[in-house]
Each structure stands twice: as C-alpha cells, then as structure tokens.
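Here is how names work: the chains are called A, B, and so on, in the same order as the sequence lines, proteins then strands, and each is numbered from 1.
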Amino acid sequence: MPVTVKIPTPLRALTLNRDTVSTEAGTLQDLVANLESEFPGMRERLCDDTGELRRFVNIYVNGEDVRFLQGLSTDLKAGDEVSIVPAVAGGV
Amino acid sequence: MAVSVYIPSPFRRLTANREYVSVEGRNISEVLDAVNAQYPGFDMLVYDSDRRVPRHINIYVNNQEIHDLSGVDTQVEDGDQVAVIPALAGGSDGVASQALSADEVMRYSRHIIMGQVGPVGQRKLKAAKVLIIGAGGLGSPVAIYLALAGVGTVGIVEFDTVDLSNLQRQLLHQTADVGKRKALSAQETLNAYNPGVNVRLHEMPITSDNAMEIIRDYDIIVNGADNFATRYLVNDAAYLLGKTLVDGSILLFDGQATVYKPGQGCYRCLYPSPPPPGLVPSCAEAGVLGAITGIIGSIQATEVFKQVLEIGEPLVGRLLLVDALTMEFRTMRIRRDPACPLCGDNPTVNELIDYDQFCGTPPLMLEAVGD
C-alpha cells in the first residue's frame, strides 16, 4: 500500500490539478525524489539549493511536522498521509 | 432546584477562586444563604448591617435585576442563573460593570439562552476589546460577527481606501463605498449593524514603531493581514505583550487558521522564515475565492468567542487546513519550537525588529496591509 500525498492548491499546477498523489516511498527523501520525477519542479518548491526542506513549506506525516520528526530522513510506511503546507500570507 | 451563582472576582477569595457555585434554593434569600453555608462570610459581602442588599450590589436572575422583581424573595427555578455584581469604584472588573439593558437582552437572546454564554458570558463579550488587523477579506466577517455578538470594543487597523476589486469578498464595504476610507466604511457598516459597539479606528500602517502601542490596549488580536512582514510583526508584538493571537490566512481555494497563546507556539515556530519575495503569490496576483474568506473569518470569530467566554477547546497547537475544492478540513500539530528565536528556550528576538529586512520586502509593501 502506497503513501498518500496531499497537494495544496498552489502546487497543483505541477500535478495536473490532482489534489492527492500516491507513491511508494520508504523515507521522505524518497518521496520527494518520486514527486520530482513524476512532477518536475516539485523538488525546488519543497527544498532549497542545499537540499534541505524550505523553512516556509511544512511537511506533515500523519499530522506531525517532520521538523519535529527526522526531517527528510523521516521513515514512511504504507498508508501514511503526507501533507504539504506552504506559508500563506493572504488575508484580504 | 439547583441554580448556578456567578461569583464576581472580588468575592472569589471566599470561594477558592471559583467563578460559579451551584446551590439549591427556592428564592434568592435561600440561594444566598446556601452560598454562605458553603463559603462562610459571603453574607457579609452581599448584605448590609440591616440584612438588606445594599445599593452597590446588584443581583440578577437570568439577567433581570432583583430590585425590579421581588428583591430577595424573587423565586428561582432549577437551572436559573444568578449573578452577583458589585459596583466597583475602580472599574477594574470589566465584566461586573457591564450591565445589560433590556434591548441588549433581547438583541443577544439567542446567545444568552445558551448555557455556555448566559448573561455573564454576554457581559464578558461586552467588556472584551478585540483588535483586527485589516478590514478586508478576513477582517470583514470577523468584525461583523464580533459586532453582531456585542463585543464591546472592536479595534480596526486599516488605512487603505475601498477598491472596486475588494467587493467580490469584503463584506464590510459596498458599491457606494468605493473610494472611501476603508476604516470609515468599516465603522459605518459595523455601527449600522450594531450601534452599541465601540469601533476604534487605527488609520495607519502597523509598523515596529507603533505596533506595541496599538496592540497593548486590547485583549485579543485577530490577524487578517495580507503580507508576511505584517504577519511576523503582529506575531512578535502579540507574543511580547502576552496577547492571544487568532491567526488566519487564505490563498486561492485554501485557508489556514490557528490560535497562538504565548508559550504554546507562535507563527515563527510554524514557519521559521518567510519565503523570498515573489515566490508565494499574493491574493492580488493569484486570486482568492470570496467565500473562503467567510469560512476562515468565521472560524477566527468563533475562536475569539471561545477565548472571551472561556469555553471549549481552543484551536491552540493545531493548524486547521481548509481545502474548498475537496472540502476537506484537516488539522496538523503545531509545537512550540525550543529553538524559536521568539518563544524558544534562548530567545534572540526580545523586541520588534525590521520586518521588511527580515522578509526582504521593500518598505512600501506595508502599504498593502489593509488592501
């Protein structure tokens, strides 16, 4: 059973408007690589030049912020739900 | 025949700080005796030497003062709410000094009838001072629901003018308001809804120079800003002043909402640094569904009520995500980050900083606060 990834609307231009993507991945690092190969441009939205997760895009595994888990090394298992949540400033 | 008795804060030293006491009694005299039986000395506070309720103490049964009823012989029924409200020279107990008129009791009856609000809760709303950053998409539903509910003081930070493109979502402003000062338009709308609300206008960009002064006077801050610099500024100022911040943001079909209480995580714990300018589009650049502002703004207003009324589980430590396209509501955990420069274990941000520099935005960006 694969991992489910929830894509926020601002990134759906990359995923052909799909709000949910499934992929087989053992770690978050694998997941980012899979997303990049399927939807080129995704890595740049999630990671900076040094390969670290950007500090204004949060990734949650089953509701937990991966910065408080093991970051990109966080293990994933079948059935996990991964959410990508970018900072949004709009209020008006 | 259990009735709930509200104990005003000056009397709570007798009741082990309990705000409500539940006692049995058929009339007010028996109710007061029953409270005194549990907390000896109480009758010294509510009766004078002739064992009459002095003029400076009002006692309400379901929001009607007993002087207008049958005094201490006023009958009570199971489930009634009794409130003991002393007049205070110092006015320090904001709640106790907020008596409700007959019109107010009628206007707010759908709230007062609920046990979680009641006459005491309605007085808490009347005593509350809430500041809203921006009178736009989020600020509109927040301000309107707070005004409708009788929040006594609603402050609005806004200095822009109403633009035709605002009207697709900003409920405070109408077609005839185009070109008008937004703050004034907001005040007129809110007072048309409810003339009893004191609408205070702060017609200036909120900056590091004035944020502490503006925010200091309010109990709760609601963020409806539209740029990262203002969001970090308001976050820092609210934390430094120990204020609860009810946060919300929107873009396209997505919305986010959470509540920051000092010491339980902040915006910097959630997003340690802002995106470089231009990477995340604004609503003006990318668009926003008008109705999502109503969803998120209503959630923010609801969280304000819960804070003021001290009921329910606040949206603290949780980031609520709303996706209007899938109509999924999900919550993610927010933790206080021990490494947070503001609220972490070794804070380095101890006063307001230059937020334009922090966000890499030109100072003019601030002018978009109230767009």
Side-chain angles (χ1 to χ4, degrees), chain A residues 3-22 28 31 41-72 74 76 79-92, chain B residues 133-140 160 166 169-170 223-231 248-256 267 269-276 279-284 286 288 293 296-297 318-319 321 323-326 328 330-335 337 359 368-371:
Chain A
V3 174
T4 303
V5 188
K6 295 283 186 181
I7 308 292
T9 4
L11 295 187
R12 283 182 206 159
L14 293 174
T15 61
L16 311 170
N17 278 326
R18 286 163 62 185
D19 55 69
T20 306
V21 171
S22 289
L28 193 56
L31 184 140
M42 191 66 95
R43 184 193 295 278
E44 189 198 347
R45 305 299 291 270
L46 305 179
C47 302
D48 62 21
D49 296 343
T50 67
E52 289 301 310
L53 287 174
R54 292 186 181 275
R55 286 158 67 85
F56 51 87
V57 180
N58 287 347
I59 299 184
Y60 298 84
V61 176
N62 302 328
E64 287 285 351
D65 189 337
V66 298
R67 283 190 294 125
F68 297 98
L69 300 173
Q70 284 78 46
L72 283 167
T74 301
L76 299 176
D80 280 351
E81 183 176 276
V82 175
S83 300
I84 301 170
V85 183
V88 168
V92 304
Chain B
I133 312 295
L138 293 175
S140 286
D160 211 344
N166 298 155
R169 63 199 177 284
Q170 299 183 9
N223 211 344
D226 75 338
N227 63 81
F228 285 106
T230 306
R231 287 187 177 275
S249 58
I250 44 167
L251 184 66
L252 299 164
F253 295 89
D254 286 5
Q256 304 181 4
Y267 190 58
C269 298
L270 180 64
Y271 295 113
S273 52
L279 198 75
V280 175
S282 68
C283 293
V288 61
T293 62
I296 299 297
R318 294 179 289 157
L319 175 66
L321 305 176
D323 178 341
L325 289 178
T326 57
E328 284 188 320
R330 294 177 297 138
T331 52
M332 304 293 143
R333 180 84 58 89
I334 296 181
R335 294 175 187 276
D337 185 352
C359 294
V369 168
D371 179 21

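When all heavy atoms of A:Ala89 and B:Ser249 are compared, the closest pair comes out as C-CB, 4.4 Å. The minimum heavy-atom distance linking B:Tyr267 with A:Ala87 is given by the pair OH-CB, 4.3 Å.
Interatomic distance, A:Tyr60 OH to B:Ile334 CD1, rounded to the nearest 0.5 Å: 6.0 Å. Here B:Thr326 contributes atom OG1 and A:Lys6 contributes atom NZ; the two are 6.0 Å apart, rounded to the nearest 0.5 Å. Separation of atoms SG (B:Cys269) and CZ (A:Phe68) is listed at 6.5 Å; rounding is to 0.5 Å.
Taking non-hydrogen atoms and a 4.5 Å limit, the residue list of residues 12-21 of chain A in contact with chain B, ordered by number, reads A:Arg12, A:Asp19.
For B:Leu325, the part lying near chain A is the side chain, with the backbone staying farther off; criterion is any non-hydrogen pair under 4.5 Å. Contacts of B:Arg318 with chain A are absent, with no heavy-atom separation under 4.5 Å from either backbone or side chain. Only the side chain of A:Glu81 comes within contact range of chain B, with at least one heavy atom under 4.5 Å from a heavy atom of that chain. With a 4.5 Å cut-off on non-hydrogen atoms, B:Pro274 touches chain A through its backbone but not through its side chain. With a 4.5 Å cut-off on non-hydrogen atoms, B:Ile296 does not touch chain A at all. Of the two parts of B:Asn223, neither the backbone nor the side chain holds a non-hydrogen atom closer than 4.5 Å to a non-hydrogen atom of chain A. Within the 4.5 angstrom heavy-atom criterion, only side-chain atoms of B:Arg231, from C-beta onward, approach chain A.
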Run the side-chain contact (heavy atoms from CB on, under 4.5 Å) check on B:Met332 and A:Asn58 step by step: do they pass?
CA-CA 10 Å; B:Met332 304 293 143; A:Asn58 287 347; over 6 Å; no
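Put simply, the side chain of B:Gln256 gets close to the backbone of A:Pro86: a donor and an acceptor are under 3.5 Å apart.
Of the listed residues B:Gly297, B:Ala286, B:Ser273, the one with more heavy-atom pairs under 4.5 angstrom with chain A than any other is B:Ser273. Interface remark: of the candidates B:Val288, B:Asp254, B:Leu251, B:Asp254 forms the most heavy-atom pairs closer than 4.5 Å to chain A. If you tally non-hydrogen atom pairs under 4.5 Å between each of A:Arg45, A:Glu64, A:Arg54 and chain B, the highest count goes to A:Glu64.
Not counting sequence neighbours, the partners of B:Pro272 by the side-chain contact (heavy atoms from CB on, under 4.5 Å) test are A:Arg55, A:Arg67.
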